[in-house]
Amino acid sequence: MKKNILALLITVICIITSGCAAENRVISLIEKENYAKAQEVYYSTISGNHEKELDLEYSIDAYVSDMLDKYNNGKISYDEAYESIARIEASGLYGYCLDAYMSLQMYDQSKQSYENGLAEMEIGDYKSAMISFYFVNATSSYYDSACEKAEEAKTEFLNAAIAQAEDAFDDTDYFRGYENAISCLSDAGSTLININPYMDDAALQLIYDKRAELTDEFTETAIADANNVFSNGTNYEGAISLLTDAYNYTYGDDARIYTELCKYTDAYIENAVAEAQQIYNESRDYEAAASHLQSAIGVVGENETLRSEIERYASYAPVLLTSLDPIKKGDWLSVGTDMKKIYTDVSNNVYDSHTVIAPRCSSYRDKTEDDSYVSYYLNSEYTTLTGVLYRPYDSLSCTSVWKKTPVIKIYGDGILLYEAPSITQNTFNPISLNVNVTGVRELKIVNYGIWTETDSFDIYSKCYHPKVCLAEMYLSK
């Protein structure tokens with residue numbers, strides 16, 4: 001019984017070892033580049049047996065992996081590993097040689113990247129060193145060391161960038177120094193992220209902290225400089241301009257500069273509004289007041305308060321009285337004329353024809369204030385009425401002596417505010433009028449007084465002409 005079991009065991013071992021011997025013999029023949037014999041052994045002892053075919057494939061896999069591992073660990077050269085794979089490929093008995101070549105190439109590139117990184121570290125090119133070390137594959141035997149070296153390169157790169165930023169900041173022109181320093185730090189941060197999008201926060205935080213430190217120093221210098229510019233208490237423009245530039249240099253990200261800028265801007269606006277009011281109070285020059293405020297906008301930019309004040313002064317522009325719609329008008333007074341002899345005075349001064357207020361009459365009886373007037377509603381919005389009284393050029397044609405003096409009166413809510421002086425045929429100069437209409441709601445203008453001319457062909461036909469006209473009357477607030 002024991003003899004039978006021993007015989008069976010020996011048989012099994014022989015079968016197993018005969019299979020292994022076939023696989024090993026094929027690999028041995030391939031190593032010797034005896035490809036024909038290797039194929040002969042394969043077809044005679046392995047081909048057609050699925051299990052043996054898999055065993056051969058696994059054996060060649062192990063052989064190739066062993067060659068790659070040896071190269072990865074520096075035990076054989078690149079050429080030796082490459083030739084081993086080439087022999088397997090030449091045998092025609094293995095279908096995964098391309099993968100083997102790619103793995104060998106990856107190990108070789110990792111080795112080259114590691115060696116390049118070391119060389120770049122030597123010459124201080126830490127940016128390139130980081131890139132080289134990051135290209136070392138995680139399966140490479142150089143990977144752990146490459147990670148350590150990459151950290152060293154990153155540290156040196158950050159130190160160099162920070163030092164460069166500090167040197168740039170140390171400039172007599174602190175604006176230029178800050179701009180260059182921030183540029184250095186921004187470039188460094190971008191470089192780190194481009195090299196490794198998953199760069200650890202600690203590295204980037206060093207850059208952010210240095211940027212914040214330099215920004216604080218820049219802010220303190222700018223604020224002190226602005227205070228110095230404003231030391232005389234009047235140079236708002238200089239302080240605002242400086243702080244605006246400083247705020248823009250920090251990309252609008254510094255609250256202290258913004259607070260200081262608002263302080264000077266608010267004070268400047270308040271001062272500009274007060275100065276504009278003073279200009280207007282002194283001369284009633286609404287245009288000069290608005291211009292002063294427009295200049296302030298040029299300093300601080302568009303501003304609601306300044307714009308509102310400009311609009312307020314614009315509303316002070318004189319309003320042509322005849323541009324308003326009359327609320328009442330007598331039958332014997334006209335507003336506007338197309339007769340040149342009427343809108344031209346005896347001294348040949350020409351007035352806006354649309355503004356002429358003149359009496360007209362075609363009746364024999366004399367007119368009264370109830371016949372020849374015009375009324376306007378002012379709603380208590382104005383303070384002054386200005387204009388001119390004049391004899392029209394047409395009156396020079398009158399050859400008879402005026403028996404009655406023309407009447408020109410101005411009423412405010414029924415109260416007489418103005419009565420024109422006596423105007424005769426010896427009056428040649430126009431008369432300016434300036435009437436206080438403060439608080440007046442209804443303004444009434446009376447103008448009557450005409451002279452007549454008999455038609456030479458019909459003694460019963462008469463023409464009527466105004467003795468005095470009013471023109472270019474303006475309301476001011």
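Side-chain atoms are counted along with the backbone in the values below, which use heavy atoms only and exclude waters and symmetry mates.
- The aromatic rings of Tyr178 and Phe169 lie perpendicular to each other, with more than 60° between the two planes, well past the 30° mark.
- Within a 6.0 Å sphere centred on OH of Tyr35, other residues, nucleotides and ligands contribute more than 12 heavy atoms.
- Side-chain atoms of Thr386 and Asn434 form no donor-acceptor pair, as typed in the model, at a separation below 3.5 Å.
- When the ring-ring contact (aromatic ring centres under 6.0 Å, His included) test is applied to Tyr96, the partners found at least two apart in sequence or on another chain are Tyr94.
- Within the 4.5 Å cutoff, the side chain of Cys469 has no heavy atoms near those of the Leu389 side chain.
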Pair Glu115, Tyr142 - check side chain to side chain donor-acceptor pair (under 3.5 Å), show working.
CA-CA 10 Å; Glu115 292 174 350; Tyr142 297 98; 4.9 Å; no
Please walk me through it: do Leu385 and Tyr474 pass side chain to side chain contact (heavy atoms under 4.5 Å, CB included)?
CA-CA 6 Å; Leu385 173 69; Tyr474 286 92; over 6 Å; no
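- In this structure Glu120 satisfies the side chain to side chain donor-acceptor pair (under 3.5 Å) test together with Ser132, sequence neighbours excluded.
- The local environment of NZ in Lys127 is sparse, with at most 12 non-hydrogen atoms from other residues, nucleotides or ligands closer than 6.0 Å.
- Scanning all heavy atoms of the two residues, the minimum distance from Ile445 to Leu333 falls at O-CD2, 4.2 Å.
- Residues passing the salt bridge (charged side-chain N to carboxylate O under 4.0 Å, His left out) test with Glu151, sequence neighbours excluded: Lys154.
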Could you go through the side chain to side chain contact (heavy atoms under 4.5 Å, CB included) check for Asp125 and Met121 one step at a time?
CA-CA 6 Å; Asp125 186 358; Met121 286 281 285; over 6 Å; no
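- Residues meeting the side chain to side chain contact (heavy atoms under 4.5 Å, CB included) test with Asn248, sequence neighbours left out: Thr244.
- Under the salt bridge (charged side-chain N to carboxylate O under 4.0 Å, His left out) criterion, Asp144 pairs with no residue at all, not counting sequence neighbours.
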Atom pairs and distances, donor-acceptor, side-chain atoms in residues 261-270, under 3.5 Å, two or more places apart:
residue : atom : partner : partner atom : Å
Lys263  : NZ   : Glu260  : OE1          : 3.2
Tyr264  : OH   : Asn227  : OD1          : 2.5
Thr265  : OG1  : Leu261  : O            : 2.7

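- To the nearest 0.5 angstrom, Asp108 atom CG is 10.5 Å from Met106 atom CE.
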